[in-house]
**Student:** 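Okay, handing you the structure first.
In what follows, every heavy atom counts, from backbone to side chain, and hydrogens, waters and symmetry copies are set aside.
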Protein chains: 2
Amino acid sequence: MDQVLSSVRNGCRLLKIFLDSPKELGVTELSKKLQLSKGAVHKLLSTLESEGFIRQNEKTKQYTLGYTLLELGTKVLTNHDIVDFSKPFLDQLVSRTNELAVLCVQDSKDAIYVAKEDSLHPVRFTVESFRRFPLYSTSAARVLLAYQPEEFQDEILQEHPLKSYTPHSYTSVEQIKEDLVAIREQGYEISSNRRNTGVTGIAAPIFDSTGHVTASVSVIGPSDRVMPKKEEILQETLATVRAMSAQLGYRMS
Amino acid sequence: MDQVLSSVRNGCRLLKIFLDSPKELGVTELSKKLQLSKGAVHKLLSTLESEGFIRQNEKTKQYTLGYTLLELGTKVLTNHDIVDFSKPFLDQLVSRTNELAVLCVQDSKDAIYVAKEDSLHPVRFTVESFRRFPLYSTSAARVLLAYQPEEFQDEILQEHPLKSYTPHSYTSVEQIKEDLVAIREQGYEISSNRRNTGVTGIAAPIFDSTGHVTASVSVIGPSDRVMPKKEEILQETLATVRAMSAQLGYRMS
DNA sequence: AACGTTGTTCTCTATTCGTGAACAAAACAG
DNA sequence: CTGTTTTGTTCACGAATAGAGAACAACGTT
């Protein structure tokens with residue numbers, strides 16, 4: 001593409017560097033990571049600072065993310081009505097399964113947990129909300145991928161190196177694609193010990209009135225607690241996504 | 001200033017337009033608000049979209065804020081250790097006063113509530129976190145302003161039109177400035193019926209080890225409930241900010 | 001006290017940003 | 001269903017500027 005404003009893209013990338021970094025970064029460090037001159041990075045920083053997207057620590061002279069991003073981030077949440085909509089459903093699912101329940105959506109080539117409800121176990125799993133992860137890596141995400149066109153699936157599966165997180169992980173693209181077909185046929189996925197050893201996820205899709213998958217719900221817990229009850233949890237999960245889909249205007253065929 | 005990358009600034013302002021708008025906006029609308037050509041806005045949008053800062057609704061063709069802003073926003077929060085630090089203090093303050101307690105910080109020329117703890121009253125006040133407001137408008141903010149250099153105070157007070165929110169509001173700059181001196185002398189502020197009729201705020205500053213004011217704490221409630229107990233609430237608030245300041249390494253002189 | 005950093009400023013040219021008009025594709029009204 | 005308006009999108013070009021690179025100042029370290 002050449003329809004891209006390079007300095008805007010640099011600004012965006014500069015901000016995103018902070019996602020995987022300690023809280024403060026200096027000009028020199030940023031210029032290395034962005035592969036830009038120090039002068040250019042400095043101009044970027046002072047522009048972003050004047051708009052509140054970046055803040056400079058007066059003592060250390062280093063830079064951090066600014067409060068305007070906090071405002072914008074909360075605005076994203078309030079815009080996103082499915083988050084509010086899902087809250088009572090997730091609550092109920094947790095109270096019935098006693099495990100972590102999450103709501104997962106797709107954003108271009110990534111998946112994101114946008115809502116979650118922790119279980120009440122004293123020792124419990126939780127997930128990081130709002131962080132991107134690959135569409136093939138968790139059960140909630142794979143359910144989303146399963147309902148995408150095949151060309152898109154191939155694009156995703158080719159692009160990424162498909163790291164094996166655990167010994168049980170998928171190894172071949174063909175294997176994943178078979179699995180995606182199976183998800184679509186049965187309408188859910190139960191995945192054990194894939195990304196994280198000892199973790200089992202049970203996930204199912206939510207449909208809107210046009211029949212598109214808008215999000216997925218997943219119950220996640222330790223395998224030895226979840227697997228014995230897997231039928232029961234699956235039924236609860238399916239009941240939840242059906243209720244949500246119905247409320248969104250979806251009519252089962 | 002001419003040390004500013006204009007397209008980056010335009011991108012930032014484009015994003016901020018969404019803060020005070022419905023959730024979706026079109027190119028034409030944005031180009032009017034930004035006073036830029038439609039073509040330029042379109043380039044901005046597709047650049048921001050390719051970085052995840054903007055999302056386009058495929059049906060309506062309109063644009064919304066993207067999930068990357070959610071990631072960045074939560075990162076701001078996790079970076080900001082005073083938020084975690086304040087949590088137990090705010091909790092305790094609420095349990096002792098039975099009113100809303102907030103933590104307020106300054107960001108350039110604005111104030112922002114970065115943490116809050118609602119009271120347990122069935123009908124209760126609350127505030128919107130993470131939205132900017134003027135430094136002269138609430139007691140928590142005025143406490144922050146009171147400890148700023150006088151030139152800065154003048155800058156703030158001159159710049160804004162100083163709207164009178166209620167009949168009891170300040171009208172003149174001199175009046176506010178006298179008040180700021182008083183805040184600094186007594187170390188707290190009690191403000192009634194200023195911005196919102198019937199609301200009373202009791203606020204006091206937190207000092208760090210270098211003696212700078214890093215944030216302020218305020219207890220906010222309906223005047224008829226707060227004013228009768230104002231001495232008690234004030235003492236609780238002062239005890240809280242002193243404990244917080246001490247833990248940050250501040251030594252009272 | 002000398003050094004190696006850091007963030008900041010400056011100048012200059014190749015680059016690109018923003019305009020304005022033309023385009024297609026919806027949404028609308030009659 | 002059809003003409004009309006408004007939408008998002010594309011394009012080409014000239015004016016404006018973004019980014020490189022070196023020099024600077026202000027640190028902290030050795």
**Student:** If only side-chain N and O atoms of B:S6 are considered, is one of them under 4.0 Å from the OP1 or OP2 phosphate oxygen of C:dC17?
**Tutor:**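 Looking at the OP1 and OP2 atoms of C:dC17, neither is under 4.0 Å from any side-chain N or O of B:S6.
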**Student:** Please determine whether a side-chain nitrogen or oxygen atom of A:Q62 lies at a distance below 4.0 Å from atom OP1 or OP2 of C:dT6.
**Tutor:**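 So the side chain of A:Q62 is outside the cut-off, no N or O lying under 4.0 Å from OP1 or OP2 of C:dT6.
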**Student:** Between A:T28 and B:V41, which has a closest nucleotide on DNA chain C that is more 5'?
**Tutor:**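 Going by which nucleotide is closer to the 5' end, it is A:T28.
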**Student:** Rounding to a whole Å, what distance do you find between A:K43:NZ and C:dT11:P?
**Tutor:** 12 Å
**Student:** Is the shortest side-chain N/O distance from A:S46 to OP1 or OP2 of C:dT8 below 4.0 Å?
**Tutor:** no
**Student:** If you assign each of B:T60 and A:Y63 to its closest nucleotide in DNA chain C, which residue comes earlier from the 5' end?
**Tutor:** A:Y63
**Student:** Please state how far atom CD in A:E49 lies from atom P in C:dG7, giving the value in whole angstrom units.
**Tutor:**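 Those two atoms, CD and P, are 13 Å apart.
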**Student:** In terms of relative ring orientation, are B:F207 and B:Y147 parallel, tilted or perpendicular, with 30° and 60° separating the classes?
**Tutor:** perpendicular
**Student:** Students often get this wrong, so: under 4.0 angstrom with heavy atoms, is B:G39 touching a base, only sugar-phosphate, or nothing?
**Tutor:** base
**Student:** Pick the closest DNA chain D nucleotide for A:S7 and for A:K61 by heavy atoms, then say which residue is nearer the 5' end.
**Tutor:**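 The residue mapped nearer the 5' terminus is A:S7.
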**Student:** Counting only side-chain N and O atoms of A:N10, is one of them less than 4.0 Å from OP1 or OP2 of D:dA18?
**Tutor:** no
**Student:** For D:dT9 and B:Q56 - does any side-chain N or O of the residue sit under 4.0 Å from the phosphate oxygens OP1/OP2?
**Tutor:** yes
**Student:** Any side-chain heavy atom of A:I17 within less than 4.5 Å of one from A:L30?
**Tutor:**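 The answer is yes; the side chains approach within 4.5 Å.
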**Student:** To the nearest angstrom, how far is B:L30 atom CG from D:dT7 atom P?
**Tutor:** 12 Å
**Student:** Using whole Å, what does the distance between atom C1' of nucleotide D:dG8 and atom CG of B:L44 come to?
**Tutor:**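 For the pair B:L44 CG and D:dG8 C1', the rounded distance is 15 Å.
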**Student:** Given atom CD of B:E58 and atom P of D:dG8, what is their separation to the nearest angstrom?
**Tutor:** 15 Å
**Student:** A:C12 and side-chain contact (heavy atoms from CB on, under 4.5 Å): which partner among B:T47, B:L72, B:L48?
**Tutor:**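 One option only clears the test, and that one is B:L48.
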**Student:** How many Å lie between CG on A:L48 and C1' on C:dG7, as a whole number?
**Tutor:** 16 Å
**Student:** Counting only side-chain heavy atoms from C-beta out, which of D:dA20, C:dT8, C:dT19 sits nearest to A:V27?
**Tutor:** C:dT8
**Student:** Quick one: B:E24 CD to D:dT7 P, roughly how many Å, whole number?
**Tutor:**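 Taking atom P of D:dT7 as the reference, CD of B:E24 is at 15 Å.
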**Student:** To the nearest 0.5 Å, what is the distance between CD1 on B:I112 and CD on B:E128?
**Tutor:**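 Going from the CD1 atom of B:I112 to the CD atom of B:E128 covers 11.5 Å.
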**Student:** With no angle test and no hydrogens, is the base of C:dG20 tied to the side chain of B:K38 by a donor-acceptor pair under 3.5 Å?
**Tutor:**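 Absent.
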**Student:** What is the distance, to the nearest angstrom, from the CG atom on B:L34 to the C1' atom on C:dC17?
**Tutor:** 15 Å
**Student:** Begin with the C-alpha distance, continue with both residues' side-chain angles, and end with the deciding distance and a verdict on salt bridge (charged side-chain N to carboxylate O under 4.0 Å, His left out) for A:K16 and B:E71.
**Tutor:** CA-CA 9 Å; A:K16 287 198 277 188; B:E71 292 189 81; over 6 Å; no
**Student:** Would you indicate, yes or no, if C:dT8 has its OP1 or OP2 atom less than 4.0 angstrom from a side-chain nitrogen or oxygen of A:H42?
**Tutor:**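 The answer is yes; a side-chain N or O of A:H42 sits under 4.0 Å from OP1 or OP2.
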